[in-house]
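To start, the structure itself, in structure tokens.
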Amino acid sequence: MFTGLVQGLGRISARGNGKLVIRPEFEITEPVYGESIAVNGCCLTLENYRAGDLTFHTLEESLRRTNLGSLPIGSPVNLERALRVGDRLGGHIVQGHVDTAARVLECARTADGDFKFSVELDPQFAKLVVVKGSIAIDGVSLTVVEAADKMFAVRLIPVTLKDTALADRRPGMMVNLEFDVVGRYILRMMEVQEREQSSSGGVTMQTLLEAGFL
């Protein structure tokens with residue numbers, strides 16, 4: 001479990017033969033074999049910490065479904081160690097289970113001085129993205145300010161631009177997305193309830209719509 005508050009940056013130093021090697025750019029105190037570390041929001045298990053490098057075993061599934069398989073060697077990545085009991089939950093609940101990788105559309109200063117970060121969105125995920133809701137982009141906890149069927153946008157504060165790898169992302173690059181776990185469960189429960197009501201002949205949102213009540 002993570003918070004989406006990045007603790008520091010690392011750089012991809014090697015990748016291949018089922019291994020991903022990251023060189024952290026900050027001190028990692030007492031790393032533990034087998035501990036979970038979020039790398040660009042993807043929960044990975046630490047296999048080795050030697051000569052300043054973090055080594056993780058990475059499944060082909062993980063590399064294919066995240067940007068960890070496509071980012072060039074030397075690219076910066078966000079690192080966060082797992083949440084400890086008693087730690088402050090300053091961001092939101094992040095599982096480290098990346099839902100999809102998506103293309104950056106825009107990352108630029110706006111007329112009002114804010115920094116806008118827009119991301120392409122597969123329409124199948126549109127119902128999981130709501131304005132003022134939480135989303136993790138490359139493991140960074142952010143708040144959605146704009147949502148549409150095929151895109152969404154957030155605003156980045158100076159601290160985020162300074163201390164995370166999002167400052168390195170450019171239009172066309174891929175970023176990892178994890179949608180809010182609470183929203184996912186609520187949506188799932190609603191879908192199951194809708195199916196049960198439909199199969200039992202009960203009133204559903206669809207029947208209300210068809211009857212003109214909505």
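On a predicted model such as this, the values are computed, not experimentally measured, just so you know.
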[X] vs [Y] side-chain heavy atoms within contact, under 4.5 Å:
X	Y	value
Val154	Ile137	yes
His92	Val181	no
Ile93	Met1	yes
Thr160	Val140	yes
Leu54	Tyr49	yes
Thr110	Phe115	no
Leu177	Asp99	no

Could you go through the side-chain contact (heavy atoms from CB on, under 4.5 Å) check for Val98 and Arg65 one step at a time? CA-CA 8 Å; Val98 174; Arg65 288 185 174 271; 6.0 Å; no
Just how far is it from atom [atom1] of [X] to atom [atom2] of [Y], taken to the nearest 0.5 Å?
X	Y	atom1	atom2	value
Asp149	Phe125	CG	CZ	14.0 Å
Asn176	His97	CG	NE2	13.0 Å
Arg169	Ser75	CZ	OG	6.5 Å
Leu5	Asp163	CG	CG	11.5 Å
Arg23	Ile12	CZ	CD1	14.0 Å
Leu128	Ile135	CG	CD1	9.0 Å

Look at the side chain of [X] and the backbone N and O of [Y], then say whether any donor-acceptor pair between them is shorter than 3.5 Å.
X	Y	value
Glu35	Ala82	no
His57	Gly18	yes
Arg11	Gly74	yes
Glu80	Thr3	yes
Asp180	Ser134	no
Arg103	Gly172	yes
Asn48	Thr55	no
Asp168	Pro76	no
Asn78	Thr164	no

What pair of heavy atoms forms the shortest contact from [X] to [Y], and how long is it?
X	Y	value
Leu121	Val129	CD2-CG2, 3.9 Å
Val119	Ala102	CG1-CB, 3.6 Å
Leu79	Pro24	CD1-CB, 4.0 Å
Ile73	Arg15	CD1-N, 4.1 Å
Cys42	Leu68	CB-CD1, 3.9 Å
Leu46	Pro31	CD2-CB, 3.9 Å

Hey, quick one: are [X] and [Y] part of the same hydrophobic cluster, counting side-chain heavy atoms closer than 4.5 Å, chains of contacts allowed?
X	Y	value
Leu63	Phe56	yes
Val144	Val175	yes
Leu20	Leu71	yes
Leu166	Leu161	yes
Phe117	Met151	no

Is any side-chain N of the basic residue among Lys19 and Asp53 closer than 4.0 Å to the acidic one's carboxylate O?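 Salt bridge absent between Lys19 and Asp53.
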Determine, step by step, whether Leu142 and Leu156 satisfy the side-chain contact (heavy atoms from CB on, under 4.5 Å) criterion, reporting the C-alpha distance in whole Å, the side-chain angles of both residues, the deciding distance to 0.1 Å, and the verdict. CA-CA 8 Å; Leu142 295 164; Leu156 305 183; 3.8 Å; yes
Are there over 12 heavy-atom neighbours, none belonging to [X], within less than 6.0 Å of that residue's [atom1]?
X	atom1	answer
Asp112	CG	yes
Arg81	CZ	yes
Gln124	CD	yes
Arg64	CZ	yes

For Val77 and Ile22, what are the C-alpha separation, side-chain angles and deciding distance, and is it a side-chain contact (heavy atoms from CB on, under 4.5 Å)? CA-CA 8 Å; Val77 293; Ile22 305 294; 4.0 Å; yes
